[in-house]
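Beneath this line is the structure, given in C-alpha coordinates, with notes to follow.
All values below were derived from every heavy atom in this structure, side-chain atoms included, with hydrogens, water molecules and symmetry-related copies excluded. In what follows, every chain begins at residue 1, and chains take the letters A, B, ... in the order their sequences are listed.
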Amino acid sequence: MNERTGRRASPDAATRELLDPELERRILALESSGLEAAGDFDLYAWLWILMLGVIGPALLLVWGWFEP
Amino acid sequence: VSKPSETGADTGAWPLLRAERNWGPWRLGIALATAAAATWCYLIGEYAGYYLNFFQGGFALTAGSMIGMMLVLVAAGPTCARFGIESVASAKPQFGSRGWIIPASMQLLSIVGWNALLLIFFAKSVSQLLLVLGWLPTGLSLMQIVPFTTLLACAIVFLVLVWGASGVTHLSNILVAHVFVGLWMLYLLVSHRWPELIAAKPASAHPDHLWNYTTGVEIGIASLLSWWAYLGALIRMAPDAKKVALPVMLGMGLPVPLLSLIGMAGILVLKDSDPSSWLRNVGGHLYAVIALSFVAAANFGTAIAGIYASALGLRNFRALERLPWLVALLVTIAPVAFLGTFMPELVFSKFGPFLALVGVCFAPICGIQIADYYFLRRRSIDIRAIYESCPGNPYYFWAGFNPAAIIAMLLGIGVYVYLLNPLTYESRGPYRYLTASLPTTVIAGAIYIAVTHLWVMRSRRGGYPR
(Lines give C-alpha, C1' and ligand atoms only; values in the text may rest on other atoms or scores of the structure.)
Protein backbone atom coordinates (compact mmCIF):
# COMPACT_ATOMS: atom_id res chain seq x y z
CA MET A 1 0.00 0.00 0.00
CA ASN A 2 1.31 3.43 -0.94
CA GLU A 3 1.33 5.49 2.27
CA ARG A 4 0.65 8.81 0.60
CA THR A 5 -2.14 7.78 -1.71
CA GLY A 6 -3.49 4.65 -0.04
CA ARG A 7 -3.32 3.04 -3.48
CA ARG A 8 -2.38 -0.55 -4.01
CA ALA A 9 1.38 -0.50 -4.39
CA SER A 10 1.59 -2.75 -7.43
CA PRO A 11 -1.77 -2.95 -9.14
CA ASP A 12 -2.04 -6.10 -11.13
CA ALA A 13 -2.69 -5.03 -14.71
CA ALA A 14 -4.54 -8.28 -15.40
CA THR A 15 -7.17 -7.59 -12.70
CA ARG A 16 -7.65 -3.94 -13.60
CA GLU A 17 -10.87 -2.83 -15.18
CA LEU A 18 -10.39 -1.57 -18.70
CA LEU A 19 -11.04 2.15 -18.56
CA ASP A 20 -11.45 4.62 -21.38
CA PRO A 21 -7.94 5.47 -22.65
CA GLU A 22 -8.42 9.17 -21.88
CA LEU A 23 -9.60 8.41 -18.34
CA GLU A 24 -6.68 6.01 -17.91
CA ARG A 25 -4.29 8.73 -19.05
CA ARG A 26 -5.72 11.17 -16.53
CA ILE A 27 -5.56 8.70 -13.64
CA LEU A 28 -1.98 7.71 -14.50
CA ALA A 29 -1.01 11.39 -14.62
CA LEU A 30 -2.50 11.95 -11.16
CA GLU A 31 -0.98 8.77 -9.72
CA SER A 32 2.46 9.52 -11.04
CA SER A 33 2.59 13.22 -10.19
CA GLY A 34 2.06 12.77 -6.43
CA LEU A 35 -0.04 15.95 -6.55
CA GLU A 36 -2.93 14.37 -4.73
CA ALA A 37 -1.17 14.26 -1.37
CA ALA A 38 0.48 17.63 -1.83
CA GLY A 39 -2.75 19.39 -2.77
CA ASP A 40 -4.63 18.95 0.53
CA PHE A 41 -5.50 21.85 2.87
CA ASP A 42 -2.30 23.37 4.28
CA LEU A 43 -1.84 25.12 7.63
CA TYR A 44 -3.04 28.49 6.32
CA ALA A 45 -6.14 26.94 4.77
CA TRP A 46 -6.96 25.24 8.09
CA LEU A 47 -6.41 28.52 9.95
CA TRP A 48 -8.92 30.28 7.66
CA ILE A 49 -11.39 27.43 7.97
CA LEU A 50 -11.15 27.43 11.78
CA MET A 51 -11.27 31.21 12.02
CA LEU A 52 -14.23 31.68 9.64
CA GLY A 53 -16.05 28.43 10.35
CA VAL A 54 -15.62 27.93 14.11
CA ILE A 55 -14.11 30.86 16.06
CA GLY A 56 -15.89 33.63 14.11
CA PRO A 57 -19.33 32.01 14.36
CA ALA A 58 -18.79 31.29 18.08
CA LEU A 59 -17.95 34.96 18.71
CA LEU A 60 -20.93 36.10 16.63
CA LEU A 61 -23.25 33.83 18.59
CA VAL A 62 -22.06 35.18 21.93
CA TRP A 63 -22.26 38.78 20.67
CA GLY A 64 -25.71 38.27 19.16
CA TRP A 65 -27.08 36.63 22.31
CA PHE A 66 -26.34 39.73 24.39
CA GLU A 67 -27.76 42.15 21.82
CA PRO A 68 -31.04 43.73 23.02
CA VAL B 1 -17.81 14.15 -29.30
CA SER B 2 -17.86 15.47 -25.73
CA LYS B 3 -15.29 13.05 -24.36
CA PRO B 4 -13.08 15.03 -21.99
CA SER B 5 -10.04 16.26 -23.78
CA GLU B 6 -7.46 18.95 -23.33
CA THR B 7 -10.04 21.45 -24.55
CA GLY B 8 -13.30 20.13 -23.06
CA ALA B 9 -12.36 18.35 -19.84
CA ASP B 10 -14.53 20.69 -17.77
CA THR B 11 -17.65 19.19 -19.36
CA GLY B 12 -16.91 15.67 -18.08
CA ALA B 13 -16.86 13.98 -14.68
CA TRP B 14 -13.34 12.67 -15.15
CA PRO B 15 -10.56 14.21 -13.06
CA LEU B 16 -9.09 17.47 -14.30
CA LEU B 17 -5.34 17.74 -14.69
CA ARG B 18 -3.29 20.54 -13.21
CA ALA B 19 -2.98 22.41 -16.51
CA GLU B 20 -6.77 22.47 -16.92
CA ARG B 21 -7.43 23.87 -13.45
CA ASN B 22 -6.78 27.53 -14.02
CA TRP B 23 -9.20 29.39 -11.74
CA GLY B 24 -7.33 31.59 -9.28
CA PRO B 25 -8.80 32.57 -5.88
CA TRP B 26 -10.55 35.70 -7.24
CA ARG B 27 -12.06 33.94 -10.21
CA LEU B 28 -13.26 31.09 -8.00
CA GLY B 29 -14.61 33.49 -5.37
CA ILE B 30 -16.59 35.45 -7.99
CA ALA B 31 -18.07 32.28 -9.50
CA LEU B 32 -19.01 31.01 -6.02
CA ALA B 33 -20.55 34.34 -4.97
CA THR B 34 -22.61 34.51 -8.16
CA ALA B 35 -23.81 30.95 -7.57
CA ALA B 36 -24.67 31.56 -3.92
CA ALA B 37 -26.67 34.77 -4.22
CA ALA B 38 -30.24 34.21 -5.39
CA THR B 39 -33.88 34.57 -4.42
CA TRP B 40 -33.43 31.95 -1.73
CA CYS B 41 -31.51 34.57 0.24
CA TYR B 42 -34.77 36.49 0.76
CA LEU B 43 -36.55 33.30 1.72
CA ILE B 44 -33.79 32.40 4.21
CA GLY B 45 -33.92 35.94 5.66
CA GLU B 46 -37.71 35.82 5.74
CA TYR B 47 -37.76 32.56 7.75
CA ALA B 48 -35.21 33.91 10.25
CA GLY B 49 -37.19 37.16 10.49
CA TYR B 50 -40.25 35.24 11.68
CA TYR B 51 -38.39 34.31 14.89
CA LEU B 52 -35.68 36.92 15.50
CA ASN B 53 -35.19 40.67 15.39
CA PHE B 54 -32.82 42.24 12.85
CA PHE B 55 -29.65 42.16 14.98
CA GLN B 56 -30.02 38.72 16.48
CA GLY B 57 -31.30 37.30 13.19
CA GLY B 58 -28.26 38.70 11.41
CA PHE B 59 -25.82 37.28 13.95
CA ALA B 60 -27.51 33.86 14.12
CA LEU B 61 -27.83 33.51 10.33
CA THR B 62 -24.24 34.57 9.68
CA ALA B 63 -22.86 32.22 12.32
CA GLY B 64 -25.01 29.32 11.07
CA SER B 65 -24.12 29.97 7.42
CA MET B 66 -20.39 30.00 8.12
CA ILE B 67 -20.65 26.78 10.17
CA GLY B 68 -22.63 25.11 7.37
CA MET B 69 -20.15 26.27 4.74
CA MET B 70 -17.26 24.96 6.82
CA LEU B 71 -18.88 21.52 7.12
CA VAL B 72 -19.42 21.27 3.36
CA LEU B 73 -15.91 22.48 2.58
CA VAL B 74 -14.24 20.10 5.05
CA ALA B 75 -16.39 17.17 3.85
CA ALA B 76 -16.22 17.35 0.05
CA GLY B 77 -13.53 19.99 -0.46
CA PRO B 78 -10.28 18.03 -0.10
CA THR B 79 -11.18 15.16 -2.44
CA CYS B 80 -12.73 17.46 -5.06
CA ALA B 81 -9.86 19.94 -4.99
CA ARG B 82 -7.06 17.36 -4.82
CA PHE B 83 -8.23 15.31 -7.78
CA GLY B 84 -10.26 17.83 -9.80
CA ILE B 85 -13.51 15.91 -9.43
CA GLU B 86 -17.06 17.01 -8.58
CA SER B 87 -19.10 16.32 -5.42
CA VAL B 88 -20.82 13.09 -6.45
CA ALA B 89 -17.55 11.43 -7.51
CA SER B 90 -16.03 12.50 -4.17
CA ALA B 91 -18.70 10.44 -2.36
CA LYS B 92 -17.76 7.15 -4.06
CA PRO B 93 -15.17 6.13 -1.40
CA GLN B 94 -17.96 6.30 1.19
CA PHE B 95 -21.07 5.15 -0.67
CA GLY B 96 -19.44 2.65 -3.03
CA SER B 97 -18.93 2.20 -6.74
CA ARG B 98 -22.71 1.89 -7.20
CA GLY B 99 -23.97 3.43 -3.96
CA TRP B 100 -22.92 6.89 -5.17
CA ILE B 101 -26.31 6.93 -6.83
CA ILE B 102 -27.72 7.93 -3.40
CA PRO B 103 -25.88 11.28 -3.11
CA ALA B 104 -26.27 11.72 -6.90
CA SER B 105 -30.06 11.44 -6.53
CA MET B 106 -30.01 13.96 -3.69
CA GLN B 107 -27.93 16.31 -5.82
CA LEU B 108 -30.20 15.95 -8.85
CA LEU B 109 -33.45 16.36 -6.89
CA SER B 110 -32.10 19.33 -4.97
CA ILE B 111 -30.64 21.14 -7.97
CA VAL B 112 -33.51 20.40 -10.37
CA GLY B 113 -36.06 21.39 -7.73
CA TRP B 114 -34.29 24.57 -6.68
CA ASN B 115 -33.48 25.60 -10.24
CA ALA B 116 -37.03 25.07 -11.41
CA LEU B 117 -38.06 27.44 -8.60
CA LEU B 118 -35.30 29.94 -9.37
CA LEU B 119 -36.02 30.01 -13.09
CA ILE B 120 -39.70 30.61 -12.38
CA PHE B 121 -38.66 33.46 -10.07
CA PHE B 122 -36.43 34.70 -12.90
CA ALA B 123 -39.31 34.49 -15.36
CA LYS B 124 -41.65 36.35 -13.01
CA SER B 125 -39.08 39.10 -12.48
CA VAL B 126 -38.53 39.52 -16.22
CA SER B 127 -42.28 39.53 -16.84
CA GLN B 128 -42.80 42.15 -14.11
CA LEU B 129 -39.93 44.14 -15.60
CA LEU B 130 -41.69 44.11 -18.99
CA LEU B 131 -44.86 45.25 -17.25
CA VAL B 132 -43.12 48.11 -15.41
CA LEU B 133 -41.40 49.24 -18.61
CA GLY B 134 -44.66 49.00 -20.54
CA TRP B 135 -43.21 46.41 -22.91
CA LEU B 136 -45.64 43.61 -22.10
CA PRO B 137 -47.39 42.56 -25.33
CA THR B 138 -51.01 43.66 -25.37
CA GLY B 139 -53.56 40.96 -24.61
CA LEU B 140 -51.13 38.95 -22.49
CA SER B 141 -51.33 38.77 -18.71
CA LEU B 142 -48.33 38.39 -16.43
CA MET B 143 -49.01 34.73 -15.69
CA GLN B 144 -49.49 33.92 -19.37
CA ILE B 145 -46.03 35.14 -20.22
CA VAL B 146 -44.19 33.36 -17.35
CA PRO B 147 -44.00 29.92 -19.09
CA PHE B 148 -42.51 31.55 -22.20
CA THR B 149 -39.98 33.51 -20.15
CA THR B 150 -39.05 30.33 -18.24
CA LEU B 151 -38.47 28.52 -21.51
CA LEU B 152 -36.39 31.43 -22.77
CA ALA B 153 -34.33 31.35 -19.54
CA CYS B 154 -33.68 27.62 -19.98
CA ALA B 155 -32.58 28.25 -23.58
CA ILE B 156 -30.14 30.96 -22.45
CA VAL B 157 -28.76 28.71 -19.66
CA PHE B 158 -28.23 26.02 -22.28
CA LEU B 159 -26.42 28.38 -24.65
CA VAL B 160 -24.15 29.71 -21.89
CA LEU B 161 -23.26 26.23 -20.67
CA VAL B 162 -22.30 25.02 -24.12
CA TRP B 163 -18.94 26.54 -23.12
CA GLY B 164 -18.80 24.52 -19.90
CA ALA B 165 -16.89 26.09 -17.00
CA SER B 166 -15.83 29.01 -19.23
CA GLY B 167 -19.50 29.92 -19.67
CA VAL B 168 -19.96 29.88 -15.90
CA THR B 169 -16.95 32.08 -15.17
CA HIS B 170 -17.54 34.58 -18.00
CA LEU B 171 -21.13 35.14 -16.96
CA SER B 172 -20.16 35.27 -13.27
CA ASN B 173 -17.80 38.17 -13.99
CA ILE B 174 -20.81 40.18 -15.18
CA LEU B 175 -23.51 38.91 -12.85
CA VAL B 176 -21.42 39.29 -9.68
CA ALA B 177 -22.42 42.98 -9.80
CA HIS B 178 -25.81 41.93 -8.48
CA VAL B 179 -24.25 41.14 -5.09
CA PHE B 180 -23.34 44.82 -4.75
CA VAL B 181 -26.75 45.92 -6.02
CA GLY B 182 -28.21 43.71 -3.28
CA LEU B 183 -26.08 45.38 -0.63
CA TRP B 184 -27.17 48.78 -1.99
CA MET B 185 -30.82 47.70 -1.64
CA LEU B 186 -30.12 46.67 1.94
CA TYR B 187 -28.55 50.08 2.59
CA LEU B 188 -31.64 51.78 1.12
CA LEU B 189 -34.02 49.90 3.38
CA VAL B 190 -31.86 50.27 6.46
CA SER B 191 -31.24 54.00 5.91
CA HIS B 192 -34.89 54.79 5.12
CA ARG B 193 -36.50 52.69 7.86
CA TRP B 194 -33.85 52.37 10.58
CA PRO B 195 -36.04 53.32 13.60
CA GLU B 196 -38.78 50.90 12.50
CA LEU B 197 -36.23 48.18 11.76
CA ILE B 198 -34.62 48.20 15.20
CA ALA B 199 -38.03 48.39 16.88
CA ALA B 200 -39.60 45.62 14.75
CA LYS B 201 -40.64 42.44 16.56
CA PRO B 202 -40.63 39.06 14.83
CA ALA B 203 -44.13 37.90 13.95
CA SER B 204 -43.92 34.22 14.97
CA ALA B 205 -41.39 34.31 17.80
CA HIS B 206 -41.47 31.30 20.12
CA PRO B 207 -41.88 32.06 23.86
CA ASP B 208 -38.50 30.37 24.41
CA HIS B 209 -35.90 32.88 23.21
CA LEU B 210 -33.12 30.27 23.04
CA TRP B 211 -35.29 28.25 20.64
CA ASN B 212 -35.65 31.30 18.36
CA TYR B 213 -31.91 31.94 18.38
CA THR B 214 -31.07 28.29 17.73
CA THR B 215 -33.59 28.21 14.88
CA GLY B 216 -31.86 31.21 13.28
CA VAL B 217 -28.56 29.29 13.45
CA GLU B 218 -30.20 26.12 12.13
CA ILE B 219 -31.71 27.95 9.14
CA GLY B 220 -28.20 29.19 8.28
CA ILE B 221 -26.52 25.78 8.66
CA ALA B 222 -29.20 23.82 6.78
CA SER B 223 -29.29 26.34 3.92
CA LEU B 224 -25.54 26.25 3.39
CA LEU B 225 -25.31 22.46 3.66
CA SER B 226 -27.23 22.34 0.37
CA TRP B 227 -24.12 23.78 -1.28
CA TRP B 228 -22.64 20.30 -1.11
CA ALA B 229 -24.35 19.66 -4.45
CA TYR B 230 -22.66 22.65 -6.11
CA LEU B 231 -19.27 22.88 -4.47
CA GLY B 232 -17.23 20.21 -6.25
CA ALA B 233 -18.15 21.33 -9.77
CA LEU B 234 -16.71 24.79 -9.09
CA ILE B 235 -13.73 24.20 -6.79
CA ARG B 236 -12.31 21.49 -9.04
CA MET B 237 -11.35 24.32 -11.40
CA ALA B 238 -8.85 25.64 -8.78
CA PRO B 239 -5.33 24.16 -8.83
CA ASP B 240 -5.39 22.59 -5.34
CA ALA B 241 -7.14 22.54 -1.97
CA LYS B 242 -4.83 25.16 -0.46
CA LYS B 243 -6.33 27.82 -2.73
CA VAL B 244 -10.01 27.07 -2.19
CA ALA B 245 -10.56 27.61 1.56
CA LEU B 246 -10.76 31.41 1.59
CA PRO B 247 -12.76 31.83 -1.66
CA VAL B 248 -15.27 29.23 -0.49
CA MET B 249 -15.71 30.63 3.04
CA LEU B 250 -15.91 34.28 1.91
CA GLY B 251 -17.25 33.89 -1.63
CA MET B 252 -19.92 31.27 -1.05
CA GLY B 253 -20.48 31.36 2.73
CA LEU B 254 -20.72 35.09 3.42
CA PRO B 255 -22.94 36.49 0.61
CA VAL B 256 -25.89 34.31 1.65
CA PRO B 257 -26.33 35.75 5.19
CA LEU B 258 -25.49 39.26 3.97
CA LEU B 259 -28.13 39.20 1.23
CA SER B 260 -30.53 37.39 3.56
CA LEU B 261 -30.58 40.59 5.61
CA ILE B 262 -32.58 42.14 2.71
CA GLY B 263 -35.31 39.55 3.14
CA MET B 264 -35.13 39.79 6.94
CA ALA B 265 -35.36 43.60 6.96
CA GLY B 266 -38.19 43.44 4.41
CA ILE B 267 -40.29 40.96 6.41
CA LEU B 268 -39.69 42.77 9.71
CA VAL B 269 -40.51 46.28 8.49
CA LEU B 270 -42.70 45.87 5.41
CA LYS B 271 -44.02 42.32 5.92
CA ASP B 272 -42.68 41.48 2.46
CA SER B 273 -39.28 39.85 1.88
CA ASP B 274 -39.19 40.34 -1.91
CA PRO B 275 -37.30 43.57 -2.75
CA SER B 276 -38.86 43.77 -6.22
CA SER B 277 -42.21 44.34 -4.46
CA TRP B 278 -41.17 46.94 -1.89
CA LEU B 279 -38.44 48.83 -3.74
CA ARG B 280 -41.04 50.41 -6.02
CA ASN B 281 -42.63 52.02 -2.95
CA VAL B 282 -39.24 53.30 -1.76
CA GLY B 283 -37.90 54.71 -5.01
CA GLY B 284 -40.53 54.52 -7.76
CA HIS B 285 -40.18 52.89 -11.17
CA LEU B 286 -36.44 53.36 -11.52
CA TYR B 287 -35.76 51.45 -8.30
CA ALA B 288 -38.30 48.81 -9.30
CA VAL B 289 -36.46 48.25 -12.58
CA ILE B 290 -33.12 47.96 -10.72
CA ALA B 291 -34.62 45.53 -8.18
CA LEU B 292 -36.25 43.36 -10.82
CA SER B 293 -33.03 43.28 -12.86
CA PHE B 294 -31.17 42.32 -9.68
CA VAL B 295 -33.55 39.45 -8.88
CA ALA B 296 -33.41 38.19 -12.46
CA ALA B 297 -29.59 38.35 -12.58
CA ALA B 298 -29.20 36.69 -9.18
CA ASN B 299 -31.40 33.73 -10.05
CA PHE B 300 -29.89 33.36 -13.49
CA GLY B 301 -26.32 33.10 -12.14
CA THR B 302 -27.32 30.45 -9.62
CA ALA B 303 -29.30 28.48 -12.18
CA ILE B 304 -26.29 28.37 -14.51
CA ALA B 305 -23.97 27.07 -11.76
CA GLY B 306 -26.64 24.59 -10.62
CA ILE B 307 -27.37 23.14 -14.06
CA TYR B 308 -23.63 22.88 -14.71
CA ALA B 309 -23.04 21.01 -11.41
CA SER B 310 -25.99 18.73 -12.02
CA ALA B 311 -24.95 17.92 -15.60
CA LEU B 312 -21.47 16.99 -14.34
CA GLY B 313 -23.00 14.82 -11.61
CA LEU B 314 -25.05 12.97 -14.21
CA ARG B 315 -21.87 12.25 -16.18
CA ASN B 316 -21.00 9.68 -13.49
CA PHE B 317 -23.63 7.42 -15.05
CA ARG B 318 -21.92 5.22 -17.60
CA ALA B 319 -24.76 5.82 -20.08
CA LEU B 320 -24.21 9.58 -19.93
CA GLU B 321 -20.43 9.54 -19.58
CA ARG B 322 -19.75 9.48 -23.28
CA LEU B 323 -22.78 11.40 -24.50
CA PRO B 324 -22.07 14.73 -26.18
CA TRP B 325 -22.05 17.58 -23.64
CA LEU B 326 -25.01 19.20 -25.40
CA VAL B 327 -27.11 16.07 -24.85
CA ALA B 328 -26.07 15.86 -21.17
CA LEU B 329 -27.10 19.50 -20.78
CA LEU B 330 -30.44 18.85 -22.45
CA VAL B 331 -31.08 15.87 -20.15
CA THR B 332 -30.40 18.12 -17.14
CA ILE B 333 -32.37 21.15 -18.30
CA ALA B 334 -35.38 19.23 -19.64
CA PRO B 335 -37.01 18.48 -16.22
CA VAL B 336 -36.35 22.07 -15.09
CA ALA B 337 -37.92 23.44 -18.28
CA PHE B 338 -40.86 21.04 -18.04
CA LEU B 339 -41.66 21.93 -14.43
CA GLY B 340 -41.14 25.65 -14.98
CA THR B 341 -43.13 25.83 -18.19
CA PHE B 342 -46.06 23.51 -17.63
CA MET B 343 -46.63 23.52 -13.87
CA PRO B 344 -45.09 26.66 -12.33
CA GLU B 345 -47.87 27.04 -9.76
CA LEU B 346 -47.54 23.41 -8.64
CA VAL B 347 -43.78 23.93 -8.21
CA PHE B 348 -44.48 26.99 -6.08
CA SER B 349 -47.04 25.32 -3.86
CA LYS B 350 -45.57 21.82 -3.40
CA PHE B 351 -41.83 22.02 -3.92
CA GLY B 352 -40.98 23.88 -0.72
CA PRO B 353 -41.76 20.93 1.58
CA PHE B 354 -40.18 18.51 -0.89
CA LEU B 355 -36.95 20.50 -1.02
CA ALA B 356 -36.90 20.81 2.79
CA LEU B 357 -36.93 17.00 2.99
CA VAL B 358 -34.19 16.66 0.36
CA GLY B 359 -32.09 19.24 2.23
CA VAL B 360 -32.15 17.08 5.37
CA CYS B 361 -29.94 14.51 3.59
CA PHE B 362 -26.89 16.75 3.21
CA ALA B 363 -26.02 16.86 6.94
CA PRO B 364 -25.51 13.06 7.15
CA ILE B 365 -23.61 13.05 3.83
CA CYS B 366 -21.17 15.63 5.25
CA GLY B 367 -20.79 13.69 8.52
CA ILE B 368 -20.07 10.46 6.63
CA GLN B 369 -17.50 12.11 4.33
CA ILE B 370 -15.70 13.83 7.22
CA ALA B 371 -15.56 10.61 9.27
CA ASP B 372 -14.32 8.57 6.33
CA TYR B 373 -11.70 10.98 4.99
CA TYR B 374 -10.09 12.19 8.22
CA PHE B 375 -10.63 9.35 10.72
CA LEU B 376 -10.78 6.14 8.68
CA ARG B 377 -8.85 6.68 5.45
CA ARG B 378 -6.53 9.25 7.01
CA ARG B 379 -6.71 11.38 3.85
CA SER B 380 -5.76 8.54 1.50
CA ILE B 381 -8.02 8.33 -1.55
CA ASP B 382 -7.57 5.88 -4.41
CA ILE B 383 -8.43 7.94 -7.49
CA ARG B 384 -8.42 4.83 -9.73
CA ALA B 385 -10.95 3.07 -7.49
CA ILE B 386 -13.32 6.04 -7.85
CA TYR B 387 -13.66 5.24 -11.55
CA GLU B 388 -13.53 1.44 -11.48
CA SER B 389 -16.73 -0.39 -10.67
CA CYS B 390 -15.82 -4.08 -10.92
CA PRO B 391 -15.74 -6.54 -7.97
CA GLY B 392 -12.32 -6.39 -6.32
CA ASN B 393 -12.20 -2.63 -6.55
CA PRO B 394 -11.65 -1.22 -3.00
CA TYR B 395 -14.81 0.89 -3.23
CA TYR B 396 -16.96 -1.99 -4.47
CA PHE B 397 -17.86 -3.06 -0.88
CA TRP B 398 -20.87 -5.37 -1.30
CA ALA B 399 -22.40 -5.27 -4.79
CA GLY B 400 -21.15 -1.70 -5.09
CA PHE B 401 -22.89 -0.45 -1.93
CA ASN B 402 -21.35 0.38 1.46
CA PRO B 403 -23.79 -0.64 4.23
CA ALA B 404 -22.01 1.65 6.71
CA ALA B 405 -22.91 4.71 4.62
CA ILE B 406 -26.48 3.60 4.06
CA ILE B 407 -27.07 2.86 7.77
CA ALA B 408 -25.43 6.13 8.84
CA MET B 409 -27.43 8.07 6.27
CA LEU B 410 -30.78 6.58 7.32
CA LEU B 411 -30.12 6.96 11.05
CA GLY B 412 -28.79 10.49 10.47
CA ILE B 413 -32.00 11.47 8.67
CA GLY B 414 -33.96 9.87 11.54
CA VAL B 415 -32.01 11.94 14.09
CA TYR B 416 -32.67 15.15 12.17
CA VAL B 417 -36.38 14.53 11.78
CA TYR B 418 -36.62 13.52 15.48
CA LEU B 419 -34.91 16.74 16.58
CA LEU B 420 -36.66 19.06 14.12
CA ASN B 421 -39.50 18.39 11.74
CA PRO B 422 -38.33 20.34 8.65
CA LEU B 423 -41.91 20.89 7.50
CA THR B 424 -43.62 22.04 10.70
CA TYR B 425 -40.56 23.22 12.71
CA GLU B 426 -41.76 21.22 15.72
CA SER B 427 -38.68 20.31 17.76
CA ARG B 428 -37.73 17.81 20.43
CA GLY B 429 -34.95 16.99 22.88
CA PRO B 430 -31.73 18.96 22.84
CA TYR B 431 -32.58 20.88 19.64
CA ARG B 432 -32.73 24.21 21.48
CA TYR B 433 -29.11 23.76 22.61
CA LEU B 434 -27.56 21.94 19.65
CA THR B 435 -29.59 22.69 16.46
CA ALA B 436 -30.61 19.69 14.32
CA SER B 437 -27.92 19.73 11.61
CA LEU B 438 -24.90 19.63 13.94
CA PRO B 439 -25.94 16.55 15.98
CA THR B 440 -27.07 14.87 12.74
CA THR B 441 -23.64 15.43 11.18
CA VAL B 442 -21.82 14.16 14.28
CA ILE B 443 -24.08 11.14 14.87
CA ALA B 444 -24.05 10.08 11.20
CA GLY B 445 -20.24 10.29 11.25
CA ALA B 446 -19.99 8.32 14.51
CA ILE B 447 -22.35 5.61 13.24
CA TYR B 448 -20.35 5.38 10.02
CA ILE B 449 -17.10 4.92 11.96
CA ALA B 450 -18.66 2.29 14.27
CA VAL B 451 -20.22 0.22 11.46
CA THR B 452 -17.05 0.47 9.38
CA HIS B 453 -14.90 -0.81 12.27
CA LEU B 454 -17.31 -3.54 13.33
CA TRP B 455 -18.33 -4.80 9.91
CA VAL B 456 -16.64 -3.32 6.83
CA MET B 457 -13.00 -3.38 8.01
CA ARG B 458 -13.38 -6.82 9.58
CA SER B 459 -14.62 -8.08 6.23
CA ARG B 460 -11.56 -6.48 4.59
CA ARG B 461 -13.70 -4.30 2.33
CA GLY B 462 -13.36 -0.64 1.44
CA GLY B 463 -9.58 -0.48 0.96
CA TYR B 464 -9.00 1.03 4.43
CA PRO B 465 -5.40 1.38 5.66
CA ARG B 466 -4.51 -1.23 8.29
Chain B interface, residue from L59(A), L43(A), I49(A) that has the most non-hydrogen pairs under 4.5 Å: I49(A)
Between CZ on residue F59(B) and CZ on residue F66(A), distance to nearest 0.5 Å: 12.5 Å
Pairwise distance CD1(I27(A)) to CG(L17(B)) - rounded to 0.5 angstrom: 10.5 Å
Region of F41(A) that comes under 4.5 Å of a non-hydrogen atom in chain B: both
Residue part contacting chain B, namely of L23(A), when any heavy atom lies under 4.5 Å: both
Side chains of [X] and [Y]: does their closest heavy-atom pair fall under 4.5 Å?
X	Y	result
L60(A)	M66(B)	no
R384(B)	L19(A)	yes
M249(B)	M51(A)	no
D40(A)	Y373(B)	yes
W14(B)	E22(A)	yes
R26(A)	I383(B)	no
L52(A)	M70(B)	no
D20(A)	E321(B)	no

Portion of [X] that has a non-hydrogen atom of chain A nearer than 4.5 angstrom:
X	value
L210(B)	both
S65(B)	neither
Y387(B)	both

Residue list, salt bridge (Lys or Arg N to Asp or Glu O under 4.0 Å) with R377(B), at least two apart or on another chain: D372(B)
Non-hydrogen atoms of W65(A) and H209(B) that approach each other most closely: CZ3-CD2, 3.4 Å
Residue-level interface, residues 214-224 of chain B with chain A, non-hydrogen cut-off under 4.5 Å: V217(B)
Parallel, tilted or perpendicular, as decided by the 30° and 60° cut-offs, for the rings of Y374(B) and W46(A): perpendicular
Y213(B)/L61(A) under side-chain contact (heavy atoms from CB on, under 4.5 Å): CA gap, chis, key distance, verdict: CA-CA 9 Å; Y213(B) 201 51; L61(A) 286 177; 3.9 Å; yes
